[in-house]
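Beneath this line is the structure, given in structure tokens, with notes to follow.
The analysis underlying the following values was restricted to heavy atoms, covering all of them including side chains, and did not include hydrogens, waters or symmetry mates. Every chain is numbered from 1 and lettered A, B, ... according to where its sequence line falls, protein lines coming before strand lines.
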Number of protein chains: 2
Amino acid sequence: MEKVTINSVAKHAGVSKKTVSRVLNNEPNVSDATREKVQQAFKELNYRPNPIARGLAHNRSFIIGCLYDNPSKSYITRVQSGALEACQERNYNLLIHPCELRGEPLIDNIETLISTSRLDGLVLTPPFSDNKELVDYLKFRNVPYARVAPVTLDDESISIKSNDTQAAYDITKLLLSLGHKEIAFIKGHPDHSATEARFDGYVKALGEEGIALKTEFVAEGNFSYHSGEDSARKILESAARPSAVFASNDYMAAAVLKVASQMSLKVPDELSIVGFDNAPIARHIWPGLTTIAQPVEDMTFRAVTLLIDSINATEIENMVEIFAGKLIERQSTAQFSH
Amino acid sequence: MEKVTINSVAKHAGVSKKTVSRVLNNEPNVSDATREKVQQAFKELNYRPNPIARGLAHNRSFIIGCLYDNPSKSYITRVQSGALEACQERNYNLLIHPCELRGEPLIDNIETLISTSRLDGLVLTPPFSDNKELVDYLKFRNVPYARVAPVTLDDESISIKSNDTQAAYDITKLLLSLGHKEIAFIKGHPDHSATEARFDGYVKALGEEGIALKTEFVAEGNFSYHSGEDSARKILESAARPSAVFASNDYMAAAVLKVASQMSLKVPDELSIVGFDNAPIARHIWPGLTTIAQPVEDMTFRAVTLLIDSINATEIENMVEIFAGKLIERQSTAQFSH
DNA sequence: ATTTAATCTGACACCGGTGTCATAATTAGC
DNA sequence: GCTAATTATGACACCGGTGTCAGATTAAAT
């Protein structure tokens, strides 16, 4: 297969390569006749511009990096899926970068990533979205970035928020409306800002009913299945067992279900359980988990789209958008029966 | 931050840029003194070669594509993880390409992918590893590729195999040794060659015990949780209910467990269940699934490493390597009690 | 001390695009 | 119909590296 470059197209169409470049980029100041000729040559030769050469000329890589450190595989693939779609639409490539938050020094890691791969921009997903050190570094290095699901807002970057607090409030309200008064809570990883946000919603809902927060009903998890197990044991084996458990994500909720099974506690008759995220496991276990579905793909898609557009815009405009979660009721919740 | 190019390094070190390039690529014919000087300049200026310029000069992208279409998120992330590690080690980037096998014409899709992204090579994961049309196309287009977990061998490519048949044989043998004689089987997706391989192992083990294959005990699934549910209903609601079910992957096995729970069938006392893959769900449900763990990361890592090395080698050497699965016993299997 | 071979080093073109600017071809204005 | 303003086009340098090849330097051989 003969290599087709801009030169061959130019020769074929009988014009200069600069003119070909003009047609390629939809630049003005090309006569209709010439444009036609060149486009014809594109087709006849099946020409594809070389993104690498283009990148060199522009001093750009047309690559967006996606940073994550999340135990949930399904969350990661959803993030990737949204990011990929946005990239493909704009002819960018996506470079995935899983990354241990507590591993080697984060900044060094990112520094290497950026300078070796020449990323044009970076999407931060939780828990990086709220990592001040990282955000400051990117700002200092002048690397465009977008934040997915941050809690803190700096008004200086593209941020696509989810309203975790509201959603957590809603799902807690659901439990309350079912007659539950003793509702335990399992927190997520302290590095994730969603952890506090979700907890806040829970606290707010309880507060509105005039129910005091019981410290023995609040366990410290870290979003992992394992931490959910430990927390569930602590909560369910305590003297005053709650009638419902709100786990900050579905993995931990699944772990609560497992512990309940092992203790022969019937769910939802003797114990209601709710999770968060609507991970696949929420519908893969029996009973299915009542949980909050978040539009992860949409959020990431939007973040990457805004990021790429801001890279190519002359005027940089930073914006915040908020996406809402949706309550999904399955079989793990039921009316409280004394 | 000043831009550091090969020219600035050359000036700083007082040599030509070609000499800098020589040092960069560890080429011979550079005096120790000069090499020292240049390396010193690298450090002082914190120089990072521009992969894009390098790519243009070499007519290479230093990007490996990873093709997949797999419902299992955990499988995908494991594949990615192995591939990424191999790429990072060799200074390549990884481009992920999820892809609907039954979606738009596959070859067109790949054609676009290759010509727009200028991939240097492609890793095929199931079900693409055994897609003859695709493999033929890549061969025709002269695109280097490696196949992860193929079943058919063409001896003309890098192939990293797993011994699915053996593993399926082993796990069936386990059920037989527990006294089970009526063992149902849920097949995977017909496009995945692993489907037949696993079935073969099951058939072989039964055959050795002189147990005839019952067609009513073989269901056609497609690796999805949902198909597992349907298959499980068909099998468990039949008149002659088996005492054990072998599902071709863990998602379908989890679905069997769900259906069994709904039917109040106690697992493992009244029904043993085994899966395949050791997906996270296998240990996230209760009882945990007895299954086969495959070294997915290792296999992909190896495939990508071999692929990159073969791209850079003058002599192309194709090879086949076989990785073994490992039987993992959890709580979903027990002695058959009449 | 020369010749010969081996080892270094740099000038220069090139990879495949894009930006700048000068010039050619139109069109508009009167 | 002639000049002025506008639009269309191409020559050329450049992005940051690498390959080729010739020339300079050093080491080995006689």
Are B/Thr5 and D/dG16 close enough that a side-chain N or O sits under 4.0 Å from OP1 or OP2?
-> no
Decide yes or no, distance alone: a donor-acceptor N/O pair under 3.5 angstrom between the base of D/dG17 and the side-chain of B/Lys17.
-> yes
How about A/Thr19 and A/Ser16: does a side-chain donor come under 3.5 Å of a side-chain acceptor?
-> yes
Check whether any side-chain N or O of A/Thr34 sits under 4.0 Å from OP1 or OP2 of D/dA8, and answer yes or no.
-> no
B/Val30 vs B/Asn59, nearer the 5' end of DNA chain C by closest nucleotide = B/Val30
Phosphate OP1/OP2 of D/dG17 contacted by B/Asn7 side-chain N/O (<4.0 Å) = no
Round to the nearest Å and state the distance from A/Glu27 atom CD to D/dT9 atom C1'.
-> 12 Å
Pair B/Asn109, B/His97: side-chain N/O donor-acceptor within cut-off below 3.5 Å | yes
So, is B/Thr19 near the phosphate of C/dG10, with a side-chain N or O under 4.0 Å from OP1 or OP2?
-> yes
Among C/dG17, D/dG17, C/dC8, the nucleotide that comes nearest once only the side chain of B/Asn29 is considered | C/dC8
Base C/dG16 to side chain A/Arg48, donor-acceptor N/O within 3.5 Å cut-off | no
Under 4.0 Å between a side-chain N or O of A/Asn50 and OP1 or OP2 of C/dC15?
-> no
Between A/Ser31 and D/dT9, does any side-chain N or O lie under 4.0 Å from OP1 or OP2?
-> yes
Classify the side chain of B/Lys18 and the base of D/dG19 as holding, or not holding, a donor-acceptor pair under 3.5 Å.
-> yes
A/Val15 has its side chain closest, among D/dG16, D/dG10, C/dC15, to D/dG10
Does a distance-only test, which skips hydrogens and angles, find a donor-acceptor pair under 3.5 Å between the side chain of B/Arg22 and the base of D/dG19?
-> no
